[in-house]
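Small disclaimer: the values here were computed from a predicted structure and weren't measured.
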Amino acid sequence: MSKQILVISTSPRKGGNSDTLADAFIQGAREEGHRVEKITLYDKDIGFCKGCLTCVKTQRCVIHDDAAAIAQQMLTADVLVFATPVYYYGMCGQMKTLLDRANPLYSAAYHFRDVYLLAAAAEENEHTVDGTVTGLQGWVDCFGKARLAGTVFAGGVTAVGEIRGHAALERAHEMGRRA
C-alpha cells in the first residue's frame with residue numbers, strides 16, 4: 001500500500017551529507033511506489049517557540065512563519081523522516097527548533113506512525129549519533145501511536161559530498177524501500 005512520506009532535511013547546508021542521505025531514502029521509497037515530499041530547512045524562516053501553549057488549544061501556532069505550514073504537512077503524513085547533521089553529539093539546531101514548533105501536533109489527530117532518522121557526522125564512532133537518537137526519541141515518545149522505526153548513521157563525513165560511496169547511502173536507500 002502506498003504511503004505518504006514526508007522527508008525533512010534539516011541541514012543548514014544545501015546538498016550536505018545528511019541531505020544526500022535523505023535523497024537516498026527518497027529514491028528507495030519511490031521505487032516502492034510511495035508518495036514522497038521533501039522539505040529542506042536551509043531556506044526556511046523558522047522562529048523559536050515562545051512557550052505560550054496557545055497551540056495546545058487551537059492546534060495552530062501564534063507565530064506565522066514556515067514552521068506552521070511544515071507542521072501541517074507533518075500532521076497528514078503517514079511516515080516522517082528527519083535528516084540531520086550531528087553537531088556536538090546532538091541534532092542540529094534547525095531540527096530541534098522545528099520539533100519544538102511542531103507542538104500543535106500533540107493534541108491533533110496526526111497520521112504518522114513511523115519516524116526515521118538519517119544522520120551524518122564528522123566523527124566516526126558509532127555512538128556519535130546517540131544524543132541525536134535520544135533527542136528524537138524524546139519527541140516521538142510524546143506521540144503514543146508513533147515509533148522511531150529506524151536510524152541510519154554516516155560517520156566520518158564533513159565536507160559537502162564526502163558521503164559519496166559511503167555504505168550508509170545504501171542503508172538509507174534500503175530503509176526507504178522498507179518504509
For the residue pair Ala71 and Ala102, what are the closest heavy atoms and their distance? CB-CA, 4.4 Å
Hey, what do you get for CE (Met74) to CD1 (Ile39), rounding to the nearest 0.5 Å? 8.5 Å
side-chain contact (heavy atoms from CB on, under 4.5 Å), that's the test. Do His166 and Thr20 meet it? Break it down for me. CA-CA 11 Å; His166 198 290; Thr20 303; over 6 Å; no
As an exercise, state the distance from CG of Leu105 to CZ of Phe112, rounded to the nearest 0.5 Å. 5.5 Å
Can you see which heavy atom on Gly161 is nearest to which on Asn17, and at what distance? N-OD1, 3.4 Å
Verify the cluster assignment for Tyr87 and Leu41: are they in a single hydrophobic cluster under the rule of side-chain heavy atoms below 4.5 Å apart? no
So which heavy atom on Thr97 is nearest to which on Gly47, and how close? CG2-O, 3.5 Å
Can you list, pair by pair, the side-chain donor-acceptor contacts under 3.5 Å of residues 133-140, counting residues two or more places apart and other chains?
residue, atom, partner, partner atom, Å
Thr134, OG1, Asp130, O, 3.0
Gln137, NE2, Asp141, OD1, 2.6
Trp139, NE1, Leu99, O, 3.3

I'd like to know if the side chain of Arg171 reaches the main chain of Phe153, judged simply by a donor and an acceptor atom lying under 3.5 Å from each other, with no hydrogens or angles considered. yes
Would one find more than 12 heavy atoms of other residues, nucleotides or ligands at under 6.0 Å from atom NZ of Lys145? yes
Summary of salt bridge (Lys or Arg N to Asp or Glu O under 4.0 Å) pairs that have at least one residue in residues 33-56, sequence neighbours excluded: Asp19-Lys38, Asp23-Lys38
Residues passing the ring-ring contact (aromatic ring centres under 6.0 Å, His included) test with Tyr106, sequence neighbours excluded, are Phe143
Tell me, with the steps shown, if Val62 and Cys52 meet side-chain contact (heavy atoms from CB on, under 4.5 Å). CA-CA 9 Å; Val62 299; Cys52 69; 3.9 Å; yes
Looking only at heavy atoms, the pair that brings Lys96 and Asp100 closest together is NZ-OD1, 2.5 Å
For the backbone of His111 and the side chain of Asp78, can you confirm whether one donor and one acceptor N or O come within less than 3.5 Å of each other? no
Could you check Asp65 against Arg101 for side-chain contact (heavy atoms from CB on, under 4.5 Å), going step by step and ending with a plain yes or no? CA-CA 10 Å; Asp65 62 8; Arg101 290 290 306 287; 2.8 Å; yes
Can you check whether Ile46 reaches Ile70 side chain to side chain, under 4.5 Å on heavy atoms? yes
By side-chain hydrogen bond (donor to acceptor under 3.5 Å, both in side chains), which residues pair with Arg13, not counting sequence neighbours? none
In the structure I gave you, are the side-chain heavy atoms of Pro85 and Thr10 within less than 4.5 Å of one another anywhere? yes
To check you understand the geometry: which heavy-atom pair defines the closest contact between Ser2 and Gly33, and what is its length? OG-O, 2.9 Å
Mind running side-chain contact (heavy atoms from CB on, under 4.5 Å) on Thr76 and Gln4 for me, showing each step along the way? CA-CA 8 Å; Thr76 59; Gln4 179 62 43; 5.8 Å; no
Under a side-chain separation threshold of 4.5 Å, the hydrophobic residues clustered together with Val157 are Ile5, Val7, Leu21, Phe25, Ile26, Val36, Val79, Val81, Tyr116, Leu118, Val152, Ile163, Leu169, Met175
Least distance between heavy atoms, His34 atom then Ala179 atom: NE2-C, 3.9 Å
I'd like to check the side-chain hydrogen bond (donor to acceptor under 3.5 Å, both in side chains) partners of His173; sequence neighbours left out, ordered by chain and number. Glu31
So does Tyr42 have more than 12 non-hydrogen atoms from other groups sitting under 6.0 Å from OH? yes
State whether the side chain of Ser18 and the backbone N or O of Ala120 hold a donor-acceptor pair below 3.5 Å, judged by distance alone. no
Rounded to the nearest 0.5 Å, how far apart are CG of Leu75 and CG of Leu80? 10.0 Å
Tell me whether Thr84 contacts the main-chain N or O of Cys92 through its side chain, where contact means a donor paired with an acceptor under 3.5 Å. yes
What distance do Thr132 atom OG1 and Tyr89 atom OH have between them, rounded to the nearest 0.5 Å? 11.0 Å
Distance (rounded to the nearest 0.5 Å) between Glu32 CD and Arg177 CZ: 4.5 Å
If only atom types and distance count, is the side chain of Ser9 paired as donor or acceptor with the main-chain N or O of Ala83 below 3.5 Å? no
